[in-house]
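Before any comments, here is the structure.
In what follows, every heavy atom counts, from backbone to side chain, and hydrogens, waters and symmetry copies are set aside. To find a chain, count down the sequence lines: A is the first, B the second, and so on, and within it residues start at 1.
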Amino acid sequence: MDNVLKTAEQNLRKNIDLEWYEDQYNTYNKNIKKRVMICAGTGCIASGALKVYAEIQKQCAELNIPVVVEMKEEPQQDSLLLSESGCQGFCQMGPLVTISPDDILYTKVAVKDVTELVEKTLMNGEVIERLLYTDADGTCCKGQNDVPFYSQQTRTILKGCGGVDPASIEEYISQGGYFAARKAISVMADLEICKTMIASGLRGRGGGGFKTGTKWDLTRIQSSEVKYVICNGDEGDPGAFMDRSIMEGNPHAVIEGMMITAKAIGASEGYIYVRAEYPLAVTRLERAIEDAEALGVLGCDLFGTNFDFTVKVMEGAGAFVCGEETALIASIEGKRGMPKPKPPFPAEKGLFGKPTVINNVETLASVPLILNGGVEAYRSVGTEGSPGTKTFALTGHVVNTGLIEVPFGVTLRKIIFDIGGGVTGSDGLKDNSKFKAVQIGGPSGACLTEKDLDLPLDFDSLIGIGAMVGSGGLVVMNTDTCMVKIAKFFMEFTQTESCGKCVLCREGTKQMLSILTDITEGTAKMEDLPVLKELAGAVKKGSLCGLGKTAPNPVLSTLETFYDEIVSHIVDGKCVAEKCAALADPEILADKCIGCRVCKKKCPVDAISGEKKEVHMIDAEKCIKCAACAAACKFEAIVGVGA
Amino acid sequence: MSNKGFVTVDTLKVPIDNERNVLEIIRKGNIDLPTFCYHSELSIYGACRLCVVELNGQSVQASCSIAPKDGMVVKTNTAELREMRKISLELLLANHDNNCTSCSKNSDCKLREISAKVGVESIRYKQNTPKHPIDESAPVTRNPNKCILCGDCVRYCKEVQGIGAIDFAYRGSECVVQPVFGNNMSDVECVYCGQCARVCPTDGINIKSQTNDVWSTLSDGSKTVYAHIAPAVRAAFGEMFNLGPQDDIVGRIVTGLRMLGFDKVYDTSFGADMTVWEEGTECISRIENDGVLPIMTSCCPAWVKYVEHNYHEVLPNLSSCKSPQGMMSSMIKEYHNKEDSIARKDMVTVAIMPCSAKKFEADRPELSKDGFQDTDYVVTTKELGDMFKQAGIDCASLTPSSIDLPLGFKTGGAVLFGNSGGVSEAVLRYVQEKLTGKTNEQIVFDEVRGNEGLREASISIGGKEIRLAIVHGLGNAKKVCEEIKDGVSPYHIVEVMSCPNGCVGGAGQPVPESLDHIIKRKDALYNADATSQLHKPQENIYAASLYEKHVGSVGGHAAHDLFHTTYTPREI
């Protein structure tokens, strides 16, 4: 009752006592014997994490183990705290279950494992070895810190993501949450916050790498009664899920970052623009906003000042181009998401014509860390020009895939071979000799090879070699990858995602795609290559917005780095990775063919020969790759005859 | 904006004088950088990428999107820029239906013109001729296979007219401009002002031609075919024959029309004089009898349709008068039916108009008598120019002939109907005399002249203050309508024309080079009035005698039957 009264009183004063919540949470926490955290990121949910959660809850109830799922009131002694967390990062090994204080990380946990988990680990403190992660060398890793995938990272932004219950504002506060916002709002002047951000050297994590503090300061100096803060959660690169994970896993950090931004620029309204394909992020953000409002962290007269700030979640319809800030603004305004020429920049004329700061999710989540830890500590990580850490989504032909965070300046070699555990061949087994390339920056990025592996990664070094951090997708590719097809894949993406406004992007991406398609289908000529290169150059230089300006990067980098592979497609009619069906030699596989003669009958040009019940042969000279034979073969014995 | 300093454009130092962007500076330096998507009256769009320049030796940017600053150094003509422009053009052409020889826009297509300008010699890219269906459901036609997606039409409709009947749909190379949900133009709130077609650089949006129908009619011996020429036509028709707006062209058009086979050639200005009589009388009656005020003009068919869609509560404010086209066609058929006993089925009226919406107006079922439309065909200024050219007639070298009487007679006031403010001025000339009962020497009302899109005027007549609003552009009309809706409109008379500066800027006119060009046409009509012998519509003696013989009193029963109409609320 006392608590209720105190909360009501605080809300009246609109001056939330963060320390009180912190103390209360810590007091409650003393009654917790074990904490079980089930990764409820989108990946783990897809592999059944919520069923595991429900099963643990059910079995504990049957065994009369006291379980709490939220710390709203004091739990009974020796309770088990059962939580869903945001993405813990090691998605490939999900569903993940961490148990503290034992420091146990169980991987690939299924419902059938729950009985053993409850009896052995929760009741008797035993470790179930078969659920632990075993690395490629056969070493069994008990806790997160024993797993090379984690131990080689520097997890600051992602620390809370997977480490706290995203649905518990109390836990967020207990870990120091909203203290930075309180400091900014009640103690710091707007100029001071901007100066701190400028000094920290924080650069926008959405791709461009523009200095966050400078952006804020440009908005701060605009004289306008109304200003806005927008969180750009329209993460759209294929394979990228850093922002989604942060929004799902630590939504309060994003809100706190926005509050600090708002104070710095003098805004009282904020929007979080999230693509509708991220329903879990939307739900968790909405819950977080609701909780923050209920506690008086968001709303009017915050922390006893006359500063107001409210946040709304806007769902985007999933257009990649809406990640571009002017297109995003148009979308929030209810217009078609198309970029506008800059200037005017959003800092001068943004949402509804008012000065606006747009920052990426990861950027905003970094802001409280800087205010809490100080500029010096922040700058001690990363490089001079790109301080701090960066999250990446590591995927492709690599042993460990998932969400990682590393300091700027780290090399790709470390990411791929230490954190990622090395390269895999097409059989899925580790074979570092199969490394071919790593694609960084998604559709705006480039393919880097062995020669780039020791380059310290940061915003500027990547631009120097024609790539970019982009939002942070890293796709590792082995020698069975056709680089022309990769370039084509990204061009297909940008071509369909172009808004269609400016000529160079709309028509240029289409024509680049057409030439790349010709190359993979064996119909291109060498004369097409200078046309492709010149077109890519024009689109890069002349397009209206960032989407168009970076769309040719995959093409230009492929032309630069894999020129011979392209030429061999055109001149020799060969795809070295044997991935371009149109260029493959037709072949009947001896181990599959039973000599049924069906294909022979179907072939319109008599290219197939062979006796009954004997392996048939196909004459590559005669074959027109109509694929009629392959369609007729019940044994999948015919390859290399086109689609 | 700034008016200090200079921008160095190639070798020129161009002073900054409140230009909005570097493109305007470059053009001021007489370098004709091509653009598709730049129009001074529309927002900056930055999509065509043709105005790219090298800025301060560093980056390539679209000059339309750069604010001029003192000391800027801009290059417009480097090898790289020339190549980029060529690439942009070739990309557009590779995705364009290049059947230019049979394209209705072939003589004034900007895509062709600019391709030639930037020196396109071949198309290096794969040709993908789009195959979208063509929408010819309305007087404004849409051919997405010709559209280059510059967005001029979309912005004009939204920004100037405040309608938004068309917009972009789909993404990337699938992108098209279309009415909502892919509807036909005939099924949406488009008012057919056709300004989208005026700003369209290609045949992507155009005005549906009726020249073939008129040709057939002219060769049908059983029909008597009458033409009447709208006031604004004379200000622009000569442009197609290398004549200036001030050249007197009407007599030559009359000669040409007779050569084409028209039986009688009249002047819509006669109908405009009658409009002043009817509308002026209606205006006085509303003012004196506490009628619905302000009275709003109903000459502009796009405006009328706009009210029918958007402001049902304002419909009673519209004058019940037919437009000059409506009155004229109605009078022609009535007159020749009575005087010459020609059956209505054997009469064809062809209105020569600066306008696309007049085609819609002509087809309104209420504008008919005995089952025959008052106006059978509307050909635009441009279409008539095409007909002359098809017949091998060089209008410039024709000997002028006299227009047919009595329906070719007009006053200078009627000619002003082609200008924004002109209807008001003609009505004032009439109302002033009728209200005061005295012959007034004042002809020119400077208060209602001007180029602003929304102008206010206050005129004292016989001690009574008459307040007017003169509007062009429907976005401006919206403001006036909202005031009326809210019951706070201060006006007695509101004149609305949908097109820039009135009918002289109509979509049926030859494509003007700029808004200044339209203002020159406007000046030509003021000049035509100034040099007329008669200025006040009430001085049209032929109209007076026709009223006496066939109509009776102004505003009377027969006049209502012939010259007034009704309006239909329409859905959006």
Side-chain angles (χ1 to χ4, degrees), chain A residues 317-322 326-327 335-345 348 491-515 517-518 523-524 527-528 530-532 534-545 547-549 551, chain B residues 21 23 36-38 43-54 59-67 69 80-96 122-128 147-151 154 158 164 167-177:
Chain A
F320 178 63
V321 73
C322 286
T326 56
K335 298 174 188 153
R336 180 180 163 92
M338 288 205 287
K340 281 185 194 159
K342 293 185 275 192
F345 289 94
E348 307 150 74
M491 195 49 68
E492 260 166 2
F493 179 81
T494 35
Q495 197 263 323
T496 39
E497 291 296 337
S498 161
C499 74
K501 180 172 178 178
C502 86
V503 175
L504 285 166
C505 174
R506 179 184 73 234
E507 305 296 341
T509 52
K510 182 175 166 180
Q511 294 292 348
M512 284 190 277
L513 176 62
S514 160
I515 297 173
T517 305
D518 284 353
T523 51
E527 301 92 271
D528 294 336
V531 173
L532 177 63
E534 198 176 26
L535 177 57
V539 174
K540 186 177 171 123
K541 267 209 158 172
S543 289
L544 170 63
C545 82
L547 189 151
K549 281 183 194 295
Chain B
N21 51 61
L23 176 63
F36 287 120
C37 68
Y38 184 77
S43 65
I44 302 286
Y45 195 58
C48 76
R49 313 315 281 171
L50 291 180
C51 69
V52 281
V53 292
E54 187 190 294
S59 57
V60 169
Q61 291 193 31
S63 58
C64 67
S65 316
I66 316 169
K69 274 193 203 126
E80 181 185 40
L81 295 170
R82 283 198 305 273
E83 194 54 35
M84 277 174 80
R85 286 186 199 119
K86 247 189 211 180
I87 287 176
S88 291
L89 254 310
E90 287 177 39
L91 287 170
L92 284 175
L93 292 170
N95 194 39
H96 185 78
S122 63
I123 300 168
R124 282 168 280 186
Y125 310 111
K126 199 173 274 178
Q127 188 69 39
N128 300 292
C147 174
I148 59 167
L149 298 164
C150 63
V154 172
K158 204 175 286 178
D167 208 331
F168 293 97
Y170 310 110
R171 285 182 212 166
S173 58
E174 309 280 302
C175 192
V176 284
V177 169

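Scanning both residues, B:Asn128 and A:Gln511, for their nearest heavy atoms gives ND2-NE2, 3.6 Å. When all heavy atoms are compared, the tightest approach of B:Ile44 to A:Pro341 is CG2-CG, 4.1 Å. Shown here for A:Pro343 and B:Ser65, the closest heavy-atom pair between the two residues is CD-O, 3.6 Å. Between A:Val531 and B:Tyr125, the shortest heavy-atom contact is CG1-CE2, 3.5 Å. Closest heavy-atom contact between B:Ile148 and A:Arg506: O-NH2, 3.2 Å. A:Arg336 and B:Cys175 make their closest contact through NH2-SG, 3.6 Å (heavy atoms, listed as atom of the first residue, atom of the second, distance).
Looking at A:Glu534, both its backbone and its side chain come within 4.5 Å of chain B, counting heavy atoms on both sides. Only the side chain of B:Glu80 comes within contact range of chain A, judged by heavy atoms closer than 4.5 Å. Neither the backbone nor the side chain of A:Thr509 comes within contact range of chain B; no heavy atom of the residue lies under 4.5 Å from a heavy atom of that chain. For a residue to count as touching a neighbouring chain, one of its non-hydrogen atoms must lie under 4.5 Å from one of that chain's; by this rule A:Asp528 does not touch chain B. Of the two parts of B:Glu90, neither the backbone nor the side chain holds a non-hydrogen atom closer than 4.5 Å to a non-hydrogen atom of chain A. No part of B:Phe36 comes within reach of chain A, as not one of its non-hydrogen atoms sits under 4.5 angstrom from that chain. For a residue to count as touching a neighbouring chain, one of its non-hydrogen atoms must lie under 4.5 Å from one of that chain's; by this rule A:Lys510 touches chain B with the side chain only. In this structure, no portion of B:Leu50 lies under 4.5 Å from any heavy atom of chain A.
Between the side chain of A:Lys340 and the main chain of B:Gly46, no donor-acceptor pair closer than 3.5 Å is present.
Rounding to the nearest 0.5 angstrom, the gap separating the CG atom in A:Leu535 from the CZ atom in B:Arg124 is 8.5 Å.
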query: Would B:Arg171 and A:Thr496 count as a side-chain contact (heavy atoms from CB on, under 4.5 Å) if you check the C-alpha gap in whole Å, the side-chain angles of each, and the deciding distance to 0.1 Å?
result: CA-CA 6 Å; B:Arg171 285 182 212 166; A:Thr496 39; over 6 Å; no

Quiz prompt | Worked check of side-chain contact (heavy atoms from CB on, under 4.5 Å) between A:Leu504 and B:Met84 | solution = CA-CA 9 Å; A:Leu504 285 166; B:Met84 277 174 80; 4.3 Å; yes

**Request:** Carefully, step by step, assess A:Ile515 and B:Lys126 under the rule side-chain contact (heavy atoms from CB on, under 4.5 Å).
**Result:** CA-CA 9 Å; A:Ile515 297 173; B:Lys126 199 173 274 178; over 6 Å; no

Stepwise side-chain contact (heavy atoms from CB on, under 4.5 Å) check, A:Lys541 with B:Val52
CA-CA 10 Å; A:Lys541 267 209 158 172; B:Val52 281; over 6 Å; no

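The shortest distance between side-chain heavy atoms of A:Glu507 and B:Ile87 does not fall below 4.5 Å. For the pair A:Gln495/B:Ser173, a side-chain contact is recorded, criterion being any heavy-atom separation below 4.5 Å from C-beta on.
Ranked by heavy-atom pairs under 4.5 Å with chain A, the first of B:Val60, B:Asn95, B:Val176, B:Asp167 is B:Asn95.
The ring pair (Phe, Tyr, Trp, His ring centres under 6.0 Å) test applied to A:Phe493 returns A:Phe320, not counting sequence neighbours.
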